[in-house]
There are 2 protein chains.
Amino acid sequence: MLELAILGFLRSRPLHGYDLRHRVAALMGHVRPVADGTLYPAIKRMVAAGWLLRNDEPGLSAAPRRVLHLTPEGRAELERRLREPDELDISDENRWFTMLAFLRHLDDPGEQAAVLRRRLTFLEEPTSFFYDDDRPMAAEDFDDPFRQGLLTIAHATSQAELAWLRDTIEHLESGERRTS
Amino acid sequence: MLELAILGFLRSRPLHGYDLRHRVAALMGHVRPVADGTLYPAIKRMVAAGWLLRNDEPGLSAAPRRVLHLTPEGRAELERRLREPDELDISDENRWFTMLAFLRHLDDPGEQAAVLRRRLTFLEEPTSFFYDDDRPMAAEDFDDPFRQGLLTIAHATSQAELAWLRDTIEHLESGERRTS
DNA sequence: ACGAGGTATATCGAGGCCGATGTATGTCGA
DNA sequence: TCGACATACATCGGCCTCGATATACCTCGT
């Protein structure tokens, strides 16, 4: 997910680690600023994987900036991750929102719509409040005002997302039809 | 966060690992079912910390059930975590929602309201779309329909949560005044 | 002329998480 | 009665993350 964000940011322009750090932190919405000990090893991994190239750009600042470029392989990797292999369902909110933030890089509207449709299917399947054996979750959960709040908030969120998804899918697909 | 959930569930009744696994998975909302390799080491840690007691309950099922009880220390630890030391702000969604799911165990309405009020303060401070140096985030972010969607959804979510928070805080505090 | 604070990268160790795998036993349908 | 499946616990290696720490240079205010 950090890797996805790095690939996504570098798709637009080359950046050095420190800049990436700010952008990633802003994207993750202050939620959890990336630690240096996480970011730099990730960069190293990705350079080793052949997705990034590191060019030194001396003199412009205090320390030498290691400017990172996306390689064609990196670009392919980004697209692969945005398309998201079907087995991994889009069930992790963080992962999903990060994907959304860079979905524009998948430039075929049909493919974009396909990703949104998968998310829509996922959101539409009712959340089970039951265990596997149809035992309902403890009744106490439902006269707890805090858990009620949890449900209220979750409901509002998914309604908002569903509305947006349906709208956007329609737009993408009508545009699609017009251009084909 | 896993530990918080374990403490929370055991506060109501003793449970064995397998049952905990189901409950935690249901709580995390299918988001990411806990792996055995995560749950059982966590239990072991917590037993070692003195928060849990493990009593074997033989014969009732296939494998011997290791029934887990919350110790007084565990209970204190749960309450400490629900009160959440002020330094760590409630910025991680997962953490926050898990807290909410067990906030009833902090049985003083005043303390409950205090926790909600901290969350309210956090949500009310406007999210910065700027870097530290007041450079705005790339303009391209704003004519990207997917990032727009991100903002739309986030806005709807926080509105719903804000409304619920204000409502609930008021209830808790008026109840508080009545009983004092 | 000096120190505080920002820029920029890097490494290390401790510990946590995931995925795979193993080991039993009970239950239920064909 | 045989196999499939659920119950129930456990361990292991590898990878990742976090937090701390280090280095070194620049800028700006005093």
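Chain identifiers are assigned alphabetically (A, B, ...) following the order of the sequence lines, protein sequences preceding nucleic acid strands; residue numbering begins at 1 within each chain.
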Euclidean distance, atom [atom1] of residue [X] to atom [atom2] of [N] [Å, nearest integer]:
| X | N | atom1 | atom2 | value |
| --- | --- | --- | --- | --- |
| A:His16 | C:dT9 | NE2 | C1' | 11 Å |
| B:His22 | D:dC9 | NE2 | P | 10 Å |
| B:Arg21 | D:dA8 | CZ | C1' | 8 Å |
| A:Asp19 | C:dA8 | CG | C1' | 11 Å |
| B:Arg95 | D:dC18 | CZ | P | 14 Å |
| A:Leu2 | D:dC15 | CG | C1' | 14 Å |
| A:Asp36 | D:dG19 | CG | C1' | 10 Å |
| B:Asp56 | D:dA10 | CG | P | 8 Å |

message: Could you work out, with side-chain contact (heavy atoms from CB on, under 4.5 Å) as the rule, every residue matching B:Ala160, not counting sequence neighbours?
response: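 B:Ala160 satisfies side-chain contact (heavy atoms from CB on, under 4.5 Å) with A:Ala156 only.
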- request: Could you please name the option among C:dC18, C:dT9, D:dT7 that lies closest to any side-chain atom of B:Ala35?
  value: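 Nearest to the side chain of B:Ala35 among the choices is C:dC18.
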query: Considering only C:dA8, D:dA8, D:dA10, which nucleotide approaches the side chain of B:Arg66 most closely?
result: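 Comparing C:dA8, D:dA8, D:dA10 against the side chain of B:Arg66, the answer is D:dA10.
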message: Check B:Asp36 with B:Arg21, please: is the shortest side-chain N to carboxylate O separation under 4.0 Å?
response: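 Yes, charged N to carboxylate O under 4.0 Å.
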message: Between A:Arg66 and A:Asp56, does any NZ, NE, NH1 or NH2 come within less than 4.0 Å of an OD or OE carboxylate oxygen?
response: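 A:Arg66 and A:Asp56: salt-bridged.
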field: Where at least one partner belongs to residues 151-166 of chain A, residue pairs that pass salt bridge (charged side-chain N to carboxylate O under 4.0 Å, His left out), sequence neighbours excluded
entry: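 Residue pairs passing salt bridge (charged side-chain N to carboxylate O under 4.0 Å, His left out), neighbours aside: A:Arg119-A:Glu161, A:Glu124-A:Arg166.
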task: Would you please confirm or rule out a distance under 4.0 Å between OP1 or OP2 of D:dT7 and any side-chain N or O of B:Tyr18?
output: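 Yes, such a contact exists.
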- prompt: Do any side-chain nitrogens or oxygens of A:Arg54 fall under 4.0 Å of OP1 or OP2 in C:dA10?
  reply: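 Yes, A:Arg54 has a side-chain N/O under 4.0 Å of OP1/OP2 on C:dA10.
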task: With sequence neighbours excluded, tell me which residues meet ring pair (Phe, Tyr, Trp, His ring centres under 6.0 Å) with B:Tyr18.
output: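 Scan of B:Tyr18 (ring pair (Phe, Tyr, Trp, His ring centres under 6.0 Å), adjacent residues dropped) gives B:His22.
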- prompt: In the single-linkage hydrophobic clustering (I, L, V, M, F, W, Y; side-chain heavy atoms under 4.5 Å), do B:Val67 and B:Trp51 co-cluster?
  reply: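 No.
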query: What do the steps show when you test A:Phe102 against B:Arg147 for side-chain contact (heavy atoms from CB on, under 4.5 Å), and what is the final call?
result: CA-CA 8 Å; A:Phe102 297 107; B:Arg147 295 227 178 167; 3.2 Å; yes
- prompt: Which residues within residues 37-52 of chain B lie with some heavy atom under 4.0 Å of an atom in DNA chain D?
  reply: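 Heavy-atom cutoff 4.0 Å gives B:Gly37, B:Tyr40, B:Lys44.
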task: With sequence neighbours left out, write down each residue that passes salt bridge (charged side-chain N to carboxylate O under 4.0 Å, His left out) with A:Arg117, or none if nothing qualifies.
output: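 Applying salt bridge (charged side-chain N to carboxylate O under 4.0 Å, His left out) to A:Arg117 gives A:Glu173.
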query: Using rotation axes that map the C1' atoms of four end pairs onto the next four (five pairs an end), what angle separates the end axes of the helix from C:dA1-D:dT30 to C:dA30-D:dT1, to 10°?
result: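 Answer for the end axes of this duplex: 30°.
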- prompt: Do the side chain of B:Thr71 and the main chain of B:Gly50 share a donor and acceptor less than 3.5 angstrom apart?
  reply: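 Side chain of B:Thr71 to backbone of B:Gly50: a pair is present.
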